[in-house]
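Just below is one structure, and these are the notes that go with it.
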2 protein chains.
Amino acid sequence: MPRKKEVVNPDTENKIKEAAKKVFLSQGYEGATVRQIAQEAGVNVALMNYHFQSKEQLFKSIYMESFGAFFGSIVRLLNEETPLEVKIWKIVDRYTDFLIENPMIPIFVLAEHRKDGNSLFKELNVREVVKTSYFTKQLQEEAEKGTIRPVNPLHVIFSLMGNLIFPVVARPIISYVGSLDEAGFRQFMEERKKIIPEMIMAYLKSR
Amino acid sequence: MPRKKEVVNPDTENKIKEAAKKVFLSQGYEGATVRQIAQEAGVNVALMNYHFQSKEQLFKSIYMESFGAFFGSIVRLLNEETPLEVKIWKIVDRYTDFLIENPMIPIFVLAEHRKDGNSLFKELNVREVVKTSYFTKQLQEEAEKGTIRPVNPLHVIFSLMGNLIFPVVARPIISYVGSLDEAGFRQFMEERKKIIPEMIMAYLKSR
DNA sequence: GTCTATAGAGCGATAGAC
DNA sequence: GTCTATCGCTCTATAGAC
């Protein structure tokens, strides 16, 4: 007697999502075509739209899911009650690993916001979350105590982000200029895990 | 007797180029349409193609021109025989001003290199120019003298670039999170002209 | 140089069979 | 759930009049 096979497909949707991430990443949203994605996933366009309704829905589904999870994890980190310096090292470490695994996220976010008016950020209330985060408070308190220089938290946050995100977005350029293969690039990113916090702390403690 | 009017149009091409910069910047290469560009320029598609042959040629014409000029200016700066710290301040200052005026350049460059295999960089021989630049040599010499810590020049260069380029690429995000209008963003960038060199120098001099 | 009109390719999406 | 076939639209590019 044959085994039951009852439930439909466990992972067609995941197969499509993974294919879509890959294609969106290399082609951008506009540059990607539904035919490309379907081919990469080994299915046809009709099936893709059966599961995700449209190209735009498919994109949003990937985008929201990855970014939402990531943002939640960063917010938790920002609000942790660890000392400032430890926190900065942890942020850099976790953020770097996440970005190496999910390079499409910053590229999508940057592209989206150029045209879309920050809709996702508004939905997640990013502005208030940053402004009221324990991290922001810590920077102010430490400055008052005189352990670091006084600083606009936005500059610290965007210096961190620039240093973390830029290498991922500019990966092909870095690999070319530094003659780095896959392993070489990973090595480069591991080195940055040390350099970035050192640089931020050196700045905060100087003067 | 009527004045001569001899030469054809002085600035149709410039009008089209400016329109194209604007549209490519907000829509990306794939997202932009030739109709949009033509409308923005106040001409029709046929005229646009009369001057620039195709969408791709138009893009390359803008891209090559702006990036080539910019790269030339940076190379001159890297090779100037000014002291390291002065040079870093000058690079940040000039680069920031350029990027505020030409935000489409990094966006184009990053998008191009994700798909195109660094063709422009190879043509300009960026790798060798960086490796043999006086700036790279300076970092090594100063480290030997013990005035700064020993460091892989690539990390310095990409930290500089990340800090300079990221705010331009992420401008809508920064403006949203910081509640900044046009003037507020410029102010933010002016502040960074001071913070970025201080941060790099604090790192190089620490330990 | 500049226009109108349109050819020809490729796109996203869906109807309908299985 | 998955397929084939195709619709209707928009895109880039160009022919041809002025």
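No hydrogens, no waters, no symmetry mates; every other heavy atom, side chains included, goes into these values. Each chain gets a letter, A, B and so on, in the order the sequences are listed, and its residues count up from 1.
Between B:Y50 and C:dT2 there is no side-chain polar atom (N or O) within less than 4.0 angstrom of OP1 or OP2. In this model, the phosphate group of D:dT2 is not approached by any side-chain N or O of A:N44 to a distance below 4.0 Å at OP1 or OP2.
Atom CD of B:Q39 sits in a sparse spot, with 12 or fewer heavy atoms from other residues, nucleotides or ligands closer than 6.0 Å.
The line from CD1 of A:I174 to CZ of A:R192 is 7.0 Å long, rounded to the nearest 0.5 Å. How far NE2 of B:H155 is from CD1 of B:I200: 12.0 Å, rounded to the nearest 0.5 Å.
Computed from coordinates, the A:K15 NZ to D:dG1 C1' distance equals 11 Å when rounded to whole Å. Distance CD1 (A:I16) to P (D:dT2): 8 Å, rounded to an integer number of Å. The CD atom of B:E56 sits 13 Å away from the P atom of D:dT14 (whole-angstrom rounding). The CD-C1' distance, from B:Q27 to D:dC11, rounds to 15 Å in whole Å. Counting to the nearest Å, the P atom of C:dC11 and the OH atom of A:Y29 are 14 Å from each other. Rounded to an integer number of Å, the gap from CG of A:L47 to P of C:dA17 is 19 Å. In this entry the distance linking NE2 of B:H51 with C1' of C:dG1 reads 6 Å, nearest Å. As a whole-Å value, the separation of A:M48 CE from C:dA13 P is 7 Å.
Between B:K55 and A:V43, it is A:V43 whose nearest contact on DNA chain D lies nearer the 5' terminus.
One donor-acceptor pair, N or O on each side, does fall under 3.5 Å between the base of C:dG12 and the side chain of A:R35.
In this structure, of C:dG1, D:dA13, C:dG12, it is D:dA13 that holds the atom nearest to the side chain of B:S54.
Checking A:Q187 against A:E191 by side-chain atom types alone, a donor-acceptor pair falls below 3.5 Å.
A:A32 comes within contact range of the sugar-phosphate backbone alone, with a heavy-atom separation under 4.0 Å but no base atom that close.
Stacking of A:K17 on the aromatic ring of A:F52 is not recorded, the 6.0 Å distance cut-off and the 45° axial limit not both being met.
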